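No hydrogens, no waters, no symmetry mates; every other heavy atom, side chains included, goes into these values. Because the structure is a prediction, the values reported are computed rather than measured. Each chain gets a letter, A, B and so on, in the order the sequences are listed, and its residues count up from 1.
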Amino acid sequence: MIPARCRFSSAGKMSVSLDIRLKRANKVYHEGERVSGVLLVNSRDALQHQGVSLSLEGLVNLQLSSKSVGVFEAFYNSVKPIQLVSSNMEVVKPGKIPAGRTEIPFEFPLQAKGNKVLYETYHGVFVNIQYTLRCDMRRPLLAKDLSKTCEFMVHCQPQKSKLQPNPVEFSITPETLQNVRERSSLPRFLIRGHLDATSCAVTQPLTGELVLESSEVAIKSIELQLVRVETCGCAEGYARDATEIQNIQIAEGDVCRGLSIPIYMVFPRLFTCPTLETTNFKVEFEVNIVIILQDDHLITENFPLKLVRV
Amino acid sequence: MASVQWHSRARKYEAEVQMCRLEVSAVDFSDYHPLKAITVTDSKARRGGRKGSTSSSSSSSSSVVLDPLSSMLDGSDPLSLFAAVSQTPALPHSISLGRKRREKEEEVGSDFEPWSSKRGEILSRFTTTEKLSINLFMGSDKSKASSPSSAVSEKVRTRLEELDDLEEGSQRELLNLSQQDYVNRIEELNQSLKEAWGSDQKVKALKIVIQCSKLLSDTSVIQFYPSKFVLITDILDTFGGLVYDRIWSMCADPHPLPESFSADDVNDTAKETCLNWFFKIASIRELVPRLYVEAALLKCNRFLTKSGIQETLQRLTAMIRGIGDPLVAVYARAYLCRVGMEVAPHLKDSLNKNFFDLLATFRQIHGESVQNQLAQQRVEIPIYLTLYSPAIHWILQCVAYRAPEDYINCAEIWVEFTCRHFTKREVNTILADIIKHMTPDRAFEDAYPQLQSVIKKILPHFHDFSVLFSMEKFLPFLDMFQKDSVRVEVCKSIMEVFIKHQQEATRDPVILNALLHICKTMHDSVNALTLDDEKRSLSLLINGFIRMVSFGRDFEQQLSFCVEARATFCNLEPVIIHLIHTVNQLAMETRCVMKGNHSRKTAAFVRACAAYSFITIPSLTSIFNRLNLYLLSGEVALANQCLSQADAFLKAAVSLLPEVPRTISIEGKQRSSEPFLLDFINNFLSTLLVVPDHPEQGVLYLVRGLLNMVQDYTWEDNSDAKIRVYISALPLLAAMSQESYLYTIPKVDSNETLYGGDPKFIAEINKLCETLIGQVLDHLKGLGRDEGVRRQGSLAFSLFGCLLAHGDLRNNKLNQLAVNLWNLSHKHGFCDTRTSVRTLEYIKHQAQLADLSHLSDMTARLSLQSRT
């Protein structure tokens, strides 16, 4: 007796495959460029179909967090997605595709809809900006329609004028801290350092230096926490949420006093984009320098970042 | 039969020729047919093929240091066993590939002790009986959320953060492992890494590597840490090799990348893949694994940018400062140096930076954290410190690798600056410093080009060799050139400068000693294999030196210098010849100074000079050099009134004549020696005129001796040389019978004085002449037959000329003989009419002279040949 699942999969194992291959290895495109590539059809036998169509879509998906609105609303009352670009074309008219491997080249102009702007691809929690190519092959009755989607990346044009090197010095002592419950119980420490810039190119790492000048208590860890701040606005008001993108440890254990430790963090692709401010939503970034002492005291220094593409 | 038998080797010439050609690799046509559609090819198969081709030539350089203890255990020690087993196969392909390549700047040479020879030793040295644990946090988010380090706990996690997990929801904590268990587990991880990679689970492979690297931040059971480092970095090496090879293979279409590829040769897909790896690694949360994994992939930077390796090395070096535990930090540095050396040993900066950072953080060892840890683990400080030794040793080895090379490259530049702008004192200081740096470990052996260049830069600034050699470090500097060929090159360049720039002869003992030393070095380099050209050029340089040595009026000193030089340069014949000439010249100068009147002392001195030449000449191999020098020295001796010495020289020359070979080698070609011999004999004959007969020997002792030798000499067949000598002797004999000789030597009584024209003496001479003419005529008769008529004519004409010039033709018989010779020479029509005409005119002209009027009768009888 063959398990049902297996039977299904053997039946579902199609002798046809459909794939989208973009010409660019990094799949990055800019507004005004042409997204080109090939549709790849691999079929054991000749293939009857009722047309192959290709659609390109760019969407901003906004979601309200449960913190800002009730859980119920968060799930059912999401803000309507914003369509940035949408186009559709028939690539192959109904007919037959011969057996074997068939490559169907295509080309799509990447042009925003109306007076919309093509924002950069961004994968966040409450804001998602995503561009996809979708290929559909309609097939006669009894045969399942085939479809394939493929995400590609959009980068906005370089914003040259916006990048200014503005090194930021910082110095952290018990006295500089806010939100301290019992300041008197805090051990003495002095941490000095700088960020080379808080206005950063998204393609360049965040850099700087940090010196542990002194500390009564041993250091357990020093980390860079990259935080996204997403704001969604709607008729009822707006929701602003800060969530962690990544946490990069730059020091582990009781580091040597007086020795500069590099601050270095690569901005992850997809999860970061140039700082974005629109009428409906905002995507901003911050970095926290987090110092954890051996006694589990946690010291955080926050720096808002401005990310740009150069 | 003979004990040795000869068998020829069977040769397959065709096959041998084929082997010399470029390697022909069988290429599947489908691989890069230009008309073929682009399809995805199975890159794995291709990669396998490439591997197969290199593995045959990549000799595994696995040399486990044999620990006597472990060898006694007969391999039952799990660590050394593991070390031995995993060594060869675990060597990443990319590394073996690198070793195979020709040595370049970017490659470590065989003079660098590889890591593979260290690891076995570390594994057998750092062992433990304590229980170990492997804690792989492959758990889900919950286990991480409990970690206080994640500062903001969030419910929503991104894909990125999942990288830290091996398999969702699995957490393995292996406790109470024996050392061997531990080793086995690590090896299992190594295997599962390869399996994951093989089954295209790249992310899983990365997770395994991250988890393993994490173990390196754990210092529990600290005495085992060095061995743990060895085991885990093996995994990292494997991983680095896998990733590198994978990306490399992505660029294999249509042609494999050349070994020395640049980022421009890499296609976009490969670049994107490589970039993806780096982005993934950059998001690894913990410091230690992020550092190690990025270090393991260091070489992959080659696919992206030219400067990537250098930048990454610098960045990772700085990143290690974030590691608080000094032991973990030092091993991280060792690993970074290790991968750095494999990929770019010329990037010294990061190696040095690692070393200086190590020094800067050394005080951490005495910090509270370490002390607490040691107290907890009950490890004594001395034991703890030994844990550092493999890492520090490795770092130092990397730092010291070709460090002298860097030094000498700088020194080579600086010396020129010093020469230009400072005095010999500062240059001497630089030389002393170079010697100090290059002497340990015989570092100079690798720096001959630079050291040579130092010399070349110094020389143009010191034309005054007394200044040059007064630098006390100059000769010790030369002593560093211990490779013969280089040493000689350097000596030659010094001598060339000396000869070019030394204006006056010198007797400066500093210069003489130093140059004698240098010339001796050049001379001593001569051996049986030295080419003639080389000998010639060395001799020229040494002769140039000897020429520049002058002790002024202190001739004895000069002679003793020549004695010393003879002993020193005995293997270079041109030098010996030059020395003989020098000594002869010395004798003549003495004579000149004494205005020909030798005192008892100078007479003794010139005899000493003669003695020098006399005992030196036989050491020469070239027979004509010997002959000519005997003759020349004889003349010098004669000029200095050393009669018996002159006799001895000339006698020696005469007795050497039979040894003259029929052919001699001139510029590599075999030539007949006859013309040279004739030249010499004619020269010799002209000297004999002034040589007085020895009182105890008979009349014309030397002339007779010479002629006897000529007679007995085995001349070439069909040669007239002997007869020509006889004819040549006639003018000498004629000159000897004169009352007053054509030339004499002041203060030497020639035969003219000795015999005073004694008729007996004249009769002797005439008898000798008759004998000679008789011989010539006999010979002429012999030539009448066969093909000899042309030679007959020529010889007859020569003898005629001789008779005309030196014979007294008033004598009828002689006159008749002359006429007969004339006629004989014209008999067969082979003589040159123009010469005949001119000779006739000459005779007519002579006949006008008073005492030669008899010639006019003769002219009437000399008929010119009528051409028919």
Original post:
Do you know the tightest heavy-atom contact between Pro262(A) and Ala318(B)?
Top reply: CD-O, 3.2 Å
**OP:** Look at Arg269(A) together with Glu272(B) and state whether they make a salt bridge at an N to O cut-off of under 4.0 Å.
**Re:** yes
Subject >> Over 12 foreign heavy atoms within 6.0 Å of NZ, Lys202(B) >> reply: yes
Original post:
Non-hydrogen atoms of chain A under 4.5 Å away: do they reach the side chain of Asp357(B), the backbone, both or neither?
Top reply: neither
Subject >> Interatomic distance, Arg321(B) atom CZ to Glu209(A) atom CD [nearest 0.5 angstrom] >> reply: 7.5 Å
Original post:
Does any heavy atom of chain A fall under 4.5 Å from the side chain of Ser217(B), the backbone, both, or neither of them?
Top reply: both
**OP:** Measure across Arg290(B) and Gln249(A) and return the closest heavy-atom pair with its distance rounded to 0.1 Å.
**Re:** NH2-O, 2.5 Å
Original post:
Counting heavy-atom pairs under 4.5 Å to chain B, which of Ile261(A), Asp254(A), Val266(A) comes out on top?
Top reply: Asp254(A)
Subject >> Gap separating the CD1 atom of Ile323(B) from the SG atom of Cys256(A), nearest 0.5 angstrom >> reply: 13.0 Å
Original post:
Taking atom OG of Ser283(B) and atom CG of Asn247(A), what is their separation to the nearest 0.5 Å?
Top reply: 11.5 Å
Original post:
Distance from Asn372(B) atom CG to Gln294(A) atom CD, nearest 0.5 Å?
Top reply: 9.5 Å
Original post:
Ala360(B): what forms a side-chain contact (heavy atoms from CB on, under 4.5 Å) with it, not counting sequence neighbours?
Top reply: Leu259(A)
Original post:
Hey, which of Met319(B), Arg363(B), Arg315(B), Lys271(B) has the most heavy atom pairs under 4.5 Å with chain A?
Top reply: Arg315(B)
Original post:
Which residue pairs pass the salt bridge (Lys or Arg N to Asp or Glu O under 4.0 Å) test when at least one of the two sits in residues 120-131 of chain A, sequence neighbours left out?
Top reply: Glu120(A)-Arg309(A)
Original post:
Quick one: ring-ring contact (aromatic ring centres under 6.0 Å, His included) partners of Phe189(A), sequence neighbours excluded?
Top reply: none
Original post:
Where along residues 291-298 of chain B does a heavy atom come under 4.5 Å of chain A, listed by residue number?
Top reply: none
**OP:** Side-chain contact test, heavy atoms from C-beta onward, threshold under 4.5 Å: evaluate it for Val288(B) versus Glu252(A) and give yes or no.
**Re:** yes
**OP:** Could you pull out the closest heavy-atom pair between Phe279(B) and Phe267(A), with the gap in Å?
**Re:** CE2-O, 3.6 Å
